[in-house]
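Below is one structure; the comments refer to it alone.
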Amino acid sequence: MSTTEPPTYGLLLHLAGPLQSWGTHSRFHERDTARFPTRSGLIGMLAACLGRRRGEPVDDLARLSLTTRTDRPGVLLRDLHTVGGGLPAKATVTTAEGKKRPPSQGTLLSQRYYLADAAFTAALTSTDLPLLATCAEALRSPTWPPYLGRRSCPPEGPLLIGLLPDPFTHLVNLPLARQSGQKKIMTDFHSDAPLGHLANHLPHDAAPDALDASTPVGDVTDDPIDLAPRRRSYSARPLYRYTVTLPAKQCGGLGTDYLRELARYLADHAPEGAAA
């Protein structure tokens, strides 16, 4: 029997929309967002596309590895919400003790953060090709609508680029969803696994920075344990970052211009039938 590991495949996703929000430590009235898509957010999105209800196991999805490329970092946007104002006492927000707030304290302020006009390319990788194929089909025809971190953040277009072999070569070389305007584009990659191997996939005119991509730059609490609404829990995992200066010719533009460049790339580089 061969001991060779089966080849790694990956789901390549285009994550873009007017707003995105990828919370990592949101509590009560402060709803944060990370600057890149989180494991919990994308695993939850896959679970929704697959038709899994909240609280159903996601152990198989949690074994997928996530690496993202920042095509456009977007702008951090803060939105102020009010909750419970102008309601009768019995309809105001419930306290932690199960009581109702008096009218004078019935209005709560909530600050919610979003990334506006951001775009990412993500690779969800695994040696489990049947699981990836099932997820790809669910992304093409989702049971429930997918969203970019929060239900108020729908994607601007098709999510699935394709189910592809050698996913990191594509992650590095796929067109960037941004306009050019510069000779070189500094691009960040974030992952739950070391990124030193990306150097083997870079185009010849790319320039990586000197950061040791095999050492985590910190950790982030976004590895889902339980996604049930009243039992939500996450564990911390290491965060790896790799910054590469990519050539401006890799910029594919916005909107239909980007989709045309993406289609050209896939026609030249993707196996027949692998693209979405």
Side-chain angles (χ1 to χ4, degrees), residues 5 7-16 34-39 42 64-74 118-127 129 132 135-136 139 157-217 238-254 257-271 274-276:
E5 287 291 328
T8 297
Y9 287 80
L11 291 172
L12 275 296
L13 308 180
H14 174 58
L15 306 172
R35 292 289 190 150
F36 48 86
T38 57
R39 281 182 54 77
L42 285 185
L64 300 175
S65 182
L66 170 65
T67 305
T68 63
R69 184 188 75 182
T70 302
D71 290 18
R72 299 194 310 271
F120 304 91
T121 302
L124 286 161
T125 56
S126 175
T127 56
L129 184 55
L132 291 174
C135 291
L139 286 163
L159 288 167
L160 181 64
I161 295 172
L163 171 55
L164 303 170
D166 199 10
F168 295 109
T169 293
H170 298 299
L171 181 63
V172 170
N173 289 280
L174 276 163
L176 292 158
R178 63 179 294 159
Q179 293 177 316
S180 178
Q182 300 173 343
K183 293 183 178 180
K184 298 287 186 178
I185 308 298
M186 187 171 290
T187 306
D188 284 333
F189 294 81
H190 294 91
S191 183
D192 50 30
L195 287 171
H197 63 89
L198 281 188
N200 301 324
H201 304 275
L202 297 177
H204 68 88
D205 45 359
D209 69 8
L211 181 69
D212 180 8
S214 63
T215 302
V217 296
L239 174 66
Y240 297 86
R241 189 180 78 232
Y242 192 53
T243 302
V244 178
T245 302
L246 295 174
K249 65 183 180 182
Q250 201 167 325
C251 295
L254 305 177
D257 290 337
Y258 166 75
L259 294 178
R260 290 191 194 99
E261 289 302 313
L262 183 60
R264 290 191 188 103
Y265 176 94
L266 293 173
D268 291 340
H269 299 92

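As the structure is a computational prediction, the values presented were derived from the model and not from experiment.
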key: Set of residues satisfying salt bridge (charged side-chain N to carboxylate O under 4.0 Å, His left out) with respect to Arg264, sequence neighbours excluded   =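 So Arg264 forms a salt bridge (charged side-chain N to carboxylate O under 4.0 Å, His left out) with Glu261.
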
Exam field: side chain [X] to backbone [Y], donor-acceptor pair closer than 3.5 Å:
X      : Y      : value
Arg72  : Ala177 : yes
Asp192 : Ser65  : no
Asp71  : Leu15  : no

Would you mind reporting whether [Y] and [X] have side-chain heavy atoms less than 4.5 Å apart?
X      : Y      : answer
Pro208 : Leu202 : yes
Thr67  : Thr125 : no
Leu64  : Leu42  : no

Atom [atom1] in [X], atom [atom2] in [Y]: separation rounded to 0.5 Å?
X      : Y      : atom1 : atom2 : result
His190 : Thr70  : NE2   : OG1   : 6.0 Å
Leu124 : Arg39  : CG    : CZ    : 8.5 Å
Leu195 : Thr215 : CG    : OG1   : 11.0 Å
Leu11  : Leu66  : CG    : CG    : 11.0 Å
Cys135 : Leu160 : SG    : CG    : 10.0 Å

task = Using the side chain to side chain contact (heavy atoms under 4.5 Å, CB included) rule, take Arg69 and Leu176 through it: C-alpha gap first, then chi angles, then the decisive distance, then the call.
result = CA-CA 9 Å; Arg69 184 188 75 182; Leu176 292 158; 3.6 Å; yes

inquiry  = Which residue is it: Thr121, Asp166, Ile161, Leu164? I am looking for the one with a side chain to side chain contact (heavy atoms under 4.5 Å, CB included) to Leu171.
reply    = Thr121

Let me have the donor-acceptor pairs involving side chains of residues 243-253, under 3.5 Å, with sequence neighbours excluded, atom names and distances please.
| unit_1 | atom_1 | unit_2 | atom_2 | d |
| --- | --- | --- | --- | --- |
| Thr243 | OG1 | Asp188 | OD1 | 2.6 |
| Lys249 | NZ | Asp205 | OD2 | 3.3 |
| Gln250 | NE2 | Val172 | O | 2.6 |
| Gln250 | NE2 | Leu174 | O | 3.0 |

task = Provide the closest heavy-atom pair for Thr68 versus Ala122 in the form atom of the first, atom of the second, distance.
result =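 Scanning both residues completely, I find the closest heavy atoms to be CG2-CB, 4.0 Å.
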
message = Please give me the minimum heavy-atom distance between Ala119 and Ala16, naming the atom from each residue.
response = CB-CB, 3.9 Å

task = Describe, in one word, how the ring planes of His197 and Phe168 are oriented to each other, choosing from parallel (under 30°), tilted (30 to 60°) and perpendicular (over 60°).
result =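 Taking Phe168 first and then His197, their aromatic rings stand perpendicular (interplane angle over 60°).
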
key: Aromatic ring pairing His269/Tyr265, orientation class (parallel under 30°, perpendicular over 60°, tilted between)   =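 Ring orientation of His269 relative to Tyr265: parallel.
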
request  = Might you work through the side chain to side chain contact (heavy atoms under 4.5 Å, CB included) test for Leu198 and Tyr240, ending with a clear yes or no?
outcome  = CA-CA 12 Å; Leu198 281 188; Tyr240 297 86; over 6 Å; no

